[in-house]
Amino acid sequence: MKELFIKTERQRYWLEQLASIAEPIKSEAVEVDEQSRFPFEAYKLLLQIGYPKLTLPKQYGGEGLSVYDMILVQETLASYDENASLSLGWTLGVVGEIYDKKLWTEDLLQNFAQKVQQGAIINRAVSELATGSPTRGGRPGTNAVSTANGWLLNGRKIFTTASPVLDYFLTSAWIEEKGQIGFFLIHKDVAGLSIEENWQMSAMRGTSSHDLVLQDVVVPAHHLVELPSHPSGGKINGWILHIPATYLGIAQAARDYALHFANHHQPNSLNAPISTLPNVQQLLGDIELKLHQARFVLYGVAEAYDDPTRRHTLTNEMAVAKHTVTNIAIDVVDKAMRVVGAKSLQLTNPLQRYYRNVRAGLHNPPMDDMTILKLATAAIEQQKLSEQ
């Protein structure tokens, strides 16, 4: 089915690159979940094929993959190991956004591009215990104060995905003297920065989304790299589609397992595998239908974002894609488990891992309730305008 969405030889090349390292990544995924540890082997293999620089524009020495290209490789990687996909996907999304929107000065963009070419991993550190998701507009408790030596930062961030391998933390902090939020580029080795390893979750256990602790961390003045007018950035950002792409990859893996099981499982009460049963075919057909629906939404939105003549028409489509794909992915995993039956709950069965991990998508931004509210508000306002 995914073959339908492969449009270029370049895309096929990167899918082949991923396929060449698929087996060790799949094998490690089991241990990653059982041991609640980061997928270090997958990380090393992905570095070897240049994964971090995929979304760095070509003029900056990267591969220049578009949003569409990115979700294609992210979905594929997630079908091997969803923890590796979500963890490394944040670097692809952050780098893509920074360079696409030219969020930093040209000097900083040029300098950081060299780091990315060398395999640097970056993620935004924005969530806090008291504020929850930054997309809801809460003011961070992390604060930054201007000093003669630069900015002095103190605070704590939660959900710092990929923390064991992050080279840079793009960290939000409240700047009292400016009366607004700023983003600071912080290297992992700066004095006062530490990671508190407290990620104890039943889902996405391998993302190692531990707490980032900043205690009297001094950041150079020019590393205040962003001063957004809105806590969540304010502008349409297609690069967040790496998130639903990961959950679509989980759904694909669940589908593949269920289909293989149905074609090979034959109880002694039957003369053929269970794939011949109408009720099983109904479930498998529903799975195929939902995967088609999810892909057309996700890849359709990505294609619109990548088109300069269409991007300006987008409003809530990123949120719609995330909501649609994530909820469909959850449904697909559920139906796959119904095909397999009670065996799907065995700890040795990958479906129980997919079941736990796919639900994590509900808690990645934007949240479902915000998406629905924004759609309603937009429709109400649009109707009012049509009457004027």
Side-chain angles (χ1 to χ4, degrees), residues 1-6 15 18-19 22 25-26 29-30 32-33 39 68 70-89 202-207 240-263 275 280-302 318-341 343-345 349-368 371:
M1 184 199 311
K2 193 166 62 177
E3 189 74 19
L4 177 65
F5 296 90
I6 302 173
L15 293 180
L18 283 177
I25 291 178
K26 289 178 181 178
V30 178
V32 164
D33 180 68
Y68 189 105
M70 175 189 70
I71 61 175
L72 195 59
V73 296
Q74 274 292 108
E75 182 199 336
T76 302
L77 176 57
S79 70
Y80 304 158
D81 179 6
E82 59 272 32
N83 285 287
S85 176
L86 190 63
S87 297
L88 276 296
S202 62
M204 288 298 190
R205 290 157 57 81
T207 61
I240 66 167
L241 293 179
H242 77 87
I243 299 172
T246 288
Y247 296 104
L248 182 55
I250 297 176
Q252 180 66 42
R255 173 265 190 195
D256 292 345
Y257 183 90
L259 191 60
H260 182 273
F261 181 89
N263 273 331
S275 60
V280 172
Q281 290 181 358
Q282 181 68 47
L283 287 167
L284 293 174
D286 283 346
I287 286 172
E288 296 301 297
L289 174 64
K290 289 183 179 298
L291 287 175
H292 271 88
Q293 291 170 339
R295 283 204 175 91
F296 276 108
V297 171
L298 181 61
Y299 287 90
V301 171
M318 304 305 153
V320 168
K322 190 268 177 178
H323 181 289
T324 301
V325 173
T326 301
N327 283 280
I328 283 178
I330 291 171
D331 195 18
V332 166
V333 174
D334 177 75
K335 283 181 166 55
M337 295 180 80
R338 291 171 189 265
V339 170
V340 175
K343 291 179 182 293
S344 65
L345 293 172
N349 192 296
L351 285 177
Q352 55 81 26
R353 186 183 94 221
Y354 302 152
Y355 176 76
R356 288 181 283 110
N357 288 346
V358 76
R359 294 195 63 82
L362 295 173
H363 310 290
N364 288 132
M367 311 310 180
D368 283 3
T371 296

Looking at N357 and M204, what are the two nearest heavy atoms and their distance?
OD1-N, 2.6 Å
To the nearest 0.5 angstrom, please state how far the NZ atom of K343 sits from the CG atom of N349.
9.0 Å
Considering only NZ, NE, NH1 and NH2 on the basic side and carboxylate oxygens on the acidic side, decide whether R353 and D33 come within less than 4.0 Å.
no
May I ask you to check whether S85 and Q74 show a side-chain donor-acceptor distance below 3.5 Å?
yes
Donor-acceptor under 3.5 Å (H260 side chain, D256 main chain)
no
Which pair of heavy atoms, one from T326 and one from G361, lies closest together, and at what distance?
CG2-C, 3.5 Å
Quick check: does any side chain N or O of D81 sit under 3.5 Å from a backbone N or O of A29, one acting as donor and the other as acceptor?
no
Salt-bridge present (K335, D331; N to O < 4.0 Å):
yes
Close side-chain approach of I240 to P366, heavy-atom, < 4.5 Å:
yes
A side-chain contact here means heavy atoms from C-beta on lying under 4.5 Å apart; do F296 and L4 qualify?
yes
Just how far is it from atom OH of Y354 to atom CD of Q252, taken to the nearest 0.5 Å?
10.5 Å
Provide the closest heavy-atom pair for P39 versus N83 in the form atom of the first, atom of the second, distance.
CG-C, 4.4 Å
How long is the gap from CD on E75 to OH on Y80, to the nearest 0.5 Å?
10.5 Å
Hey, could you give me the CD1/CD1 distance between I71 and I243, rounded to the nearest 0.5 Å?
12.5 Å
Can you confirm whether more than 12 heavy atoms, excluding those of R356, are under 6.0 Å from its CZ atom?
yes
Do L241 and K322 have side-chain heavy atoms sitting under 4.5 Å apart?
no
Nearest-0.5 Å distance that lies between atom CG in L362 and atom NE2 in H323:
8.5 Å
Should L291 and L248 count as side-chain neighbours, where that means a heavy-atom distance under 4.5 Å?
yes
If you count the non-hydrogen atoms of other residues, nucleotides and ligands that lie under 6.0 Å from OH in Y355, is the total more than 12?
no
Heavy-atom closest pair, residues L298 and A245
CD2-CA, 3.9 Å
If you look at every heavy atom in A251 and V333, which pair is closest and at what distance?
CA-CG2, 4.3 Å
For D334 and R338, run salt bridge (charged side-chain N to carboxylate O under 4.0 Å, His left out): C-alpha distance rounded to whole Å, both residues' side-chain angles, the deciding distance at 0.1 Å, then the answer.
CA-CA 6 Å; D334 177 75; R338 291 171 189 265; 2.7 Å; yes
Taking atom CG of L283 and atom CZ of R255, what is their separation to the nearest 0.5 Å?
14.0 Å
Quick one: do the N263 and S275 side chains pair a donor with an acceptor below 3.5 Å?
yes
Y247 and I328, any side-chain heavy atoms less than 4.5 Å apart
no
Got a donor-acceptor contact below 3.5 angstrom from the S79 side chain to the T76 backbone?
yes
Minimal non-hydrogen separation, A294 against V325, with atom names
O-CG2, 3.7 Å
